Amino acid sequence: MTALFKDQRFVDYNASGFRKDVLSGITVGIVAIPLGMAFAIASGVKPEYGLYTTIIAGFLVALLGGSRFQIAGPTGAFIPILLAIVLQYGYEDLLIAGFLAGIFLVIMSFAGVSNLIHFVPRSVTIGFTSGIAIIIFTGQFGNFLGLSELESKEFFHENMIDVAKHLHTVNLFSVLTALIGLALIFILPKVAPRLPLLLFALIIPTLLSVLLYPGKVETIGTAFGGIPQSLPSFQFPQITLSKLVSLWQPALIIAALGAIESLLSAVVADGMKEGPKHDSKRELFGQGIANIVSPLFGGIPATGAIARTATNIRSGAVSPVSGIVQSIFVLLFILVFAPFASYIPLAAMAPILMFVAWNMSARKAFVHILSVRSGDSIVLLTTFLLTIFINLTVAVQVGILLAALSFLRKMSGKLYIVQGKLSEVEIHRFGENVSKFIIEGPLFFGTAKVFEDKMPDLFSKGTAKIILDLEHLSMIDATGEAALSSLLDAASEKNYRIIVKKLPKEKLAMFKKSGLYDRIGEENFFM
């Protein structure tokens with residue numbers, strides 16, 4: 001526990017660093033406000049819940065996390081699964097799922113799962129990330145066009161059909177508002193790169209809609225009743241056994257996705273600035289605590305946000321204080337400016353989310369993996385399509401399963417058993433009536449059948465002794481041990497002597513524990 005909280009993030013911290021953190025925290029807070037509201041709305045909940053998450057999760061991850069620069073809050077990656085939970089179970093159960101996800105993340109931090117996260121295949125992460133981007137982008141068609149009487153549905157194709165059915169309700173004022181915001185997203189970086197892009201892309205269309213055509217577009221106020229000018233009261237979710245049974249699986253997906261996103265963000269941050277690297281275990285712990293506490297105040301699941309973390313670093317942050325300042329800034333925004341948020345048109349938020357979706361789509365990596373036309377391509381396309389047309393939970397499970405099967409298929413061809421030439425030392429020690437086979441590669445459940453199919457060849461030379469050169473045996477599991485045991489049984493029936501040469505030291509202990517060492521005999525092991 002002491003190691004978990006050993007903090008190296010404030011080395012040589014001083015007043016100058018504090019000033020930089022305050023400025024960067026305010027900058028990130030300006031970016032986080034529109035994103036927090038937009039992600040919440042896209043997830044099927046009220047915009048203030050995204051702001052509550054930004055405040056609470058951002059503060060706790062900065063305080064307890066393992067990265068110097070991590071900015072946590074609601075992210076686009078969570079939108080499809082959060083929306084599915086809201087549609088199927090409701091907002092109250094979303095809070096329970098987020099609470100459970102936080103517990104899972106804390107367990108992961110102590111169980112060392114942070115190391116396993118890196119084994120999730122890239123084809124799976126690119127597949128579901130691109131799928132999520134498609135869902136977010138197309139999910140804003142209704143707000144962009146100002147369509148009325150749309151209802152969020154669980155499946156992608158149902159939403160697209162509903163959009164097509166309501167195209168006759170297009171609101172030209174909404175389209176104009178969205179196009180102004182979209183134009184600003186493209187133009188501002190070129191003419192005024194220092195301005196907070198997303199905030200201006202939200203404020204300017206809002207002001208124009210209020211001044212030029214008031215009441216003509218749907219706003220946060222008309223859709224959600226505005227944003228309260230205060231924080232919500234503490235409320236513990238009503239957790240029952242039936243809800244645990246129904247929500248543990250989506251909660252686990254939220255936790256796994258949150259772990260991947262937060263650790264990836266921390267790695268990106270490490271690469272952007274020199275200094276102490278992040279602590280993976282502590283990072284997952286901080287993310288877990290944030291997701292446990294956030295639902296108690298109405299917040300939705302959160303994780304490390306790569307874009308906001310990168311903005312934090314580029315703005316000059318030197319420590320987690322910037323993340324704390326960001327949370328305080330967003331809190332002050334609610335307490336002072338919340339009433340003005342009611343005027344923000346939903347059409348002004350649509351291009352912001354589309355912009356986020358475009359940036360997270362990983363389109364170059366997607367095209368590259370697909371162009372290779374390998375097992376990874378199949379995994380990628382399957383994960384991508386399942387994310388879009390079914391849900392993220394199924395997509396991740398099937399994607400990892402397919403990736404595992406593809407890996408096993410590749411590994412099954414990595415076991416080589418070839419006849420070797422006897423050395424003079426071997427002839428002198430065992431005579432000439434001996435055959436030698438070199439086994440190279442992994443002997444495990446994926447290659448055991450290959451080994452068993454080769455067994456008849458080992459006994460086809462008409463010799464009474466077989467030398468197995470295991471110097472290049474990369475791994476062996478219980479199934480591999482069973483395959484060797486079958487070889488010993490066959491050798492016993494045929495009165496063959498099995499001799500093992502150059503068994504790696506780390507494999508010797510396994511041979512002794514399994515009983516293979518005693519069955520082969522100490523005298524039959526040599527270097």
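All values derive from a computational prediction rather than experimental measurement.
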Taking every non-hydrogen atom, the tightest pair across Arg282 and Gly65: NE-O, 2.8 Å
Any donor-acceptor N/O pair, Ser43 side chain to Val45 backbone, under 3.5 Å: no
Above 12 or not: heavy atoms from other molecules or residues under 6.0 Å from CZ of Phe337? no
When you measure from the side chain of Ser361 to the backbone of Trp358, do you find a donor-acceptor pair of N or O atoms at a distance under 3.5 Å? yes
On a heavy-atom basis, which atom in Leu380 and which in Leu370 lie closest, and how many Å separate them? CD2-N, 3.9 Å
Flag the pair Ile103 / Ile292 as yes when at least one side-chain heavy-atom distance between them is below 4.5 Å, and no otherwise. yes
How close do Ala32 and Gln326 get, counting heavy atoms only, and between which atoms? CB-OE1, 3.5 Å
Under 3.5 Å, side chain of Ser294 to main-chain N/O of Asn291, donor-acceptor pair present? no
Atom CD1 of Ile203 and atom CG of Leu208: how far apart are they, to the nearest 0.5 Å? 12.0 Å
Validation row: Leu82, Phe39 side chains within 4.5 angstrom (heavy atoms): no
Here the gap from Ser233 atom OG to Leu296 atom CG, rounded to the nearest 0.5 Å, amounts to 11.0 Å
Looking at every non-hydrogen atom in both residues, tell me the closest pair between Phe200 and Pro205 and how far apart they are. O-CD, 3.8 Å
Taking everything shown except Lys277 itself, do over 12 heavy atoms lie less than 6.0 Å from its NZ? yes
Using side-chain heavy atoms (C-beta onward) and a distance below 4.5 Å, is Leu83 in contact with Leu87? yes
Check salt bridge (charged side-chain N to carboxylate O under 4.0 Å, His left out) between Lys243 and all other residues, then give those that pass, not counting sequence neighbours. Asp93
Heavy-atom side-chain contact between Thr138 and Met160 under 4.5 Å: yes
Quick one: does Thr219's side chain have a donor or acceptor within less than 3.5 Å of a partner on Pro345's backbone? no
Measuring from atom CG of Leu197 to atom CZ of Phe186, what distance do you get when rounded to the nearest 0.5 angstrom? 10.5 Å
CG on Leu257 to OG on Ser262, rounded to 0.5 Å: 9.5 Å
Just wondering, are more than 12 heavy atoms of other shown residues or ligands nearer than 6.0 Å to OH in Tyr89? yes
More than 12 heavy atoms of other residues, nucleotides or ligands under 6.0 Å from NZ of Lys273: is that the case? yes
If you take all heavy atoms of Gly127 and Thr387, which pair is closest and at what distance? O-OG1, 4.5 Å
How are the rings of His157 and Phe155 set to each other: parallel, tilted or perpendicular (split at 30° and 60°)? parallel
Other residues, nucleotides, ligands: >12 heavy atoms within 6.0 Å of Glu158 CD: yes
Looking at residues at least two apart in the chain, or sitting in another chain, which of them share a salt bridge (charged side-chain N to carboxylate O under 4.0 Å, His left out) with Asp376? none
Point-to-point distance, once rounded to the nearest 0.5 Å, from OG of Ser130 to CD1 of Ile135: 11.0 Å
Taken to the nearest 0.5 Å, the spacing of Phe69 CZ from His278 NE2 works out to 13.0 Å
Side chain to side chain, Gln397 and Leu386, heavy atoms closer than 4.5 Å: no
Just checking Ile378: does its CD1 atom have more than 12 heavy atoms from other residues, nucleotides or ligands closer to it than 6.0 angstrom? no
Ring pair (Phe, Tyr, Trp, His ring centres under 6.0 Å) partners of Phe224, counting only residues at least two apart: none
What's the verdict on side-chain hydrogen bond (donor to acceptor under 3.5 Å, both in side chains) for Ser265 and Thr309, showing C-alpha distance, side-chain angles and the deciding distance? CA-CA 7 Å; Ser265 178; Thr309 300; 3.3 Å; yes
Taking Leu284's backbone N and O only, do any of them form a donor-acceptor pair with Ser109's side chain (distance below 3.5 Å, no angle check)? no
How about Phe234 and Phe297: are their ring centres within less than 6.0 Å of each other? yes
Decide yes or no for Leu263 and Glu283: does some side-chain heavy atom of the first lie under 4.5 Å from some side-chain heavy atom of the second? yes
Using the six-membered ring wherever Trp is involved, compare the ring planes of Tyr49 and Tyr91 and label them parallel, tilted or perpendicular (cut-offs 30° and 60°). parallel
What heavy-atom pair brings Pro351 and Ala178 nearest, and what distance separates the two atoms? CG-O, 3.6 Å
